[in-house]
Amino acid sequence: MGHKVLVVGGGGRCHAIVDALSRSPKVEKIYCAPGNAGIAAQAECVPVKDVQVDDLRDFALANGIDLTVVGPESALAAGITDVFRSAGLRIFGPTRAAAAIESSKDFAKRLMSKCGVPTAGYRTFSDYAEAHEHVMKGSFPVVLKYDGLAAGKGVVIAETPQEAEAALKDMLLDDRFGKGKVVVEEFLTGPEFSFMCFVDGEKVWPMALSQDHKRAYEGDKGPNTGGMGAYSPLPFITPEDREYALEHIMKPVAGEMVAEGIPFSGVLYGGLMKTPSGIKVIEFNCRFGDPETEVVLPLLQTDAYDVFSAVADGTPMPELVWSDRASMGFVMASKGYPGSYRKGCPIEGLEDALSDPDVRIYHMGTAMKDGMTCVNGGRVLMVIGFADTLRQAHDKALEAVGKIRCADLFWRRDIGWRVME
Ligand code: AMP
Ligand code: GLY
């Protein structure tokens, strides 16, 4: 008998997870909550929000779900894993306590210092006056991070004392994101990259490396976003770099979490930087990256149901086999994103764009309206090309992007500029 799987979330990352599961002969039926217009072609969408964890548990129990795979951190921070496990349900994702590695920057920093993992020097403050004094004595730029989930908007790189003061006021006096602490961090330089690993307690299985592009506009200009494009593999990361990151960063952190009685299970995402003095941690996330997952998971050739099950159950992992092809994806976003934008504009040309078998399109924020796929989010589509080289993958993806017609979308054409020949 085939298995029934529930995927929690509704963005491009979840579309990639649904797509990977749909390639498994062991999976008979996929549900996705809440899903989106693209996911609906491969899964039955269920209108339950990712943070309604009790409703999701009831759905899983009522529908005989064998395995649940969680996309977004919001569901994990809401304790979905704890709630599902208490009900005897199998779930892929960390407990709420372990998810703190993402939701609390201070917690992540303390873990790293305990096991000697390289990261930017830092101090944590909850008092405005103390934070202000510390920052004004230090050098600029300085990095200020709100200690909690702030939808990607909690990090300020202040170039001047004036900017730093304004940000500290925002975070500690006006409580823009709620009452909280601020981590003041040393500014590091170098290329950033994403190292996602499947983790079950002390066991760590690395995925293909990828790089996101966080700024909204070409040339890495403009405001920070959730990510405007990604690619894999990374020519500027050597096998030695990767080995170092695995042995000296990912494994020690997973081990330290076990030692502290909060073992991690799921995807541990290392946001790393290759600085002039070695590889250092910028941040950890407790889940698949978005848009990194969209370029990485399609390269996984091992049955995704088996991989998620091994992590969820703590059973032996099958050998992970990765395609040696390159992938590159372009995010098509709503004009105005990451600020306010309009919803509802119809999107045409999707079928034509998909006529190349080496192109995939994962929907990030779409909905069906009057039989048309329409814009329904800030990031709307991720268009990915697969080829033998990054240059070819880039060209294939951009050709497909050019076939998509929607007046309300914009995108960066320079994804992968650091590695293009
Ligand atoms: P985070 O949410 O922690 O990933 O931070 C968002 C972005 O801010 C990162 O992707 C980096 O580009 C930048 N950033 C964060 N911390 C530092 C740091 N210590 N030095 C330089 N840039 C940083
Ligand atoms: N792409 C960055 C993230 O998923 O947090």
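Both ligands and their constituent atoms are indexed starting at 1 by order of listing. Remember, predicted model here, so these are calculated numbers, not experimental data. This chain uses plain numbering: 1 for the first residue, then up along the sequence.
Between the side chains of Ser334 and Asp408, no donor N or O sits under 3.5 Å from an acceptor N or O. Side-chain contact annotation: Glu243 with His248, donor-acceptor N/O pair under 3.5 Å absent. In this structure, a donor-acceptor pair under 3.5 Å is absent between the side chains of Asp82 and Thr95. In this model, no donor atom of one side chain and acceptor atom of the other lie less than 3.5 Å apart for Thr225 and Lys214. Using a 3.5 Å distance cut-off with no hydrogens or angles, the side chains of Thr238 and Asp241 do pair a donor with an acceptor. Side-chain N/O atoms of His132 and Glu165 include a donor and acceptor closer than 3.5 Å. In this structure, a donor-acceptor pair under 3.5 Å is present between the side chains of Glu292 and Tyr269.
For ligand 2 and Asp212, the ligand atoms under 4.0 Å from any heavy atom of the residue are 1 (N), 2 (C). Listed by number with element, the atoms of ligand 2 under 4.0 angstrom from any heavy atom of Glu292 are 1 (N), 2 (C), 4 (O). Close approach to Asn285 involves these atoms of ligand 2, each under 4.0 Å from a residue heavy atom: 3 (C), 5 (O). Near Phe187, the atoms of ligand 1 lying under 4.0 angstrom from a non-hydrogen atom of the residue are 20 (N), 21 (C). Residue Gly289 approaches ligand 2 through these ligand atoms, each under 4.0 Å from one of its heavy atoms: 4 (O). Applying the 4.0 Å criterion to heavy atoms of Val143 picks out, from ligand 1, the atoms 16 (N), 17 (C), 18 (C), 19 (N), 20 (N). Interface atoms of ligand 1 facing Lys105, defined by a heavy-atom separation under 4.0 Å, are 1 (P), 2 (O), 3 (O). Distances below 4.0 Å separate heavy atoms of Ala120 from the following atoms of ligand 1: 19 (N). The atoms of ligand 1 that sit less than 4.0 Å from any heavy atom of Glu185 are 16 (N), 17 (C), 18 (C), 19 (N).
Arg412 forms no cation-pi arrangement with Tyr217, by the criterion of a distance under 6.0 Å to the ring centre and an angle within 45° of the ring axis. Cation-pi geometry between Lys29 and Tyr31 is met: the NZ or CZ atom falls under 6.0 Å from the ring centre, inside 45° of the normal.
Under the 6.0 Å cut-off for aromatic ring centres, Tyr231 and His394 do not qualify, their centroids lying 6.0 Å or more apart.
Residue contacts with ligand 2: Lys214 is placed with no nitrogen or oxygen under 3.5 Å of a nitrogen or oxygen of the ligand (distance criterion only). Taking distance alone, with nitrogen or oxygen atoms compared against 3.5 Å, Asn224 stays at or beyond that limit from ligand 1. In terms of polar-atom proximity, defined here as any N/O pair under 3.5 Å, Arg13 makes no such contact with ligand 2.
With a heavy-atom cut-off of 4.0 Å, Arg287 touches ligand 2 through its side chain alone. Using a 4.0 Å cut-off between heavy atoms, Lys214 contacts ligand 1 through its side chain alone, with no backbone atom that close. The side chain of Tyr269, and not its backbone, has at least one atom closer than 4.0 Å to an atom of ligand 2 (non-hydrogen atoms only; side chain from C-beta on).
The shortest non-hydrogen separation linking Cys286 to Glu73 is SG-CB, 4.2 Å.
Counting only non-hydrogen atoms, the option in Lys145, Glu192, Glu283 that gets closest to atom 10 (O) of ligand 1 is Glu192. Looking at Val142, Ile157, Val155, it is Ile157 that brings a heavy atom closest to atom 22 (N) of ligand 1.
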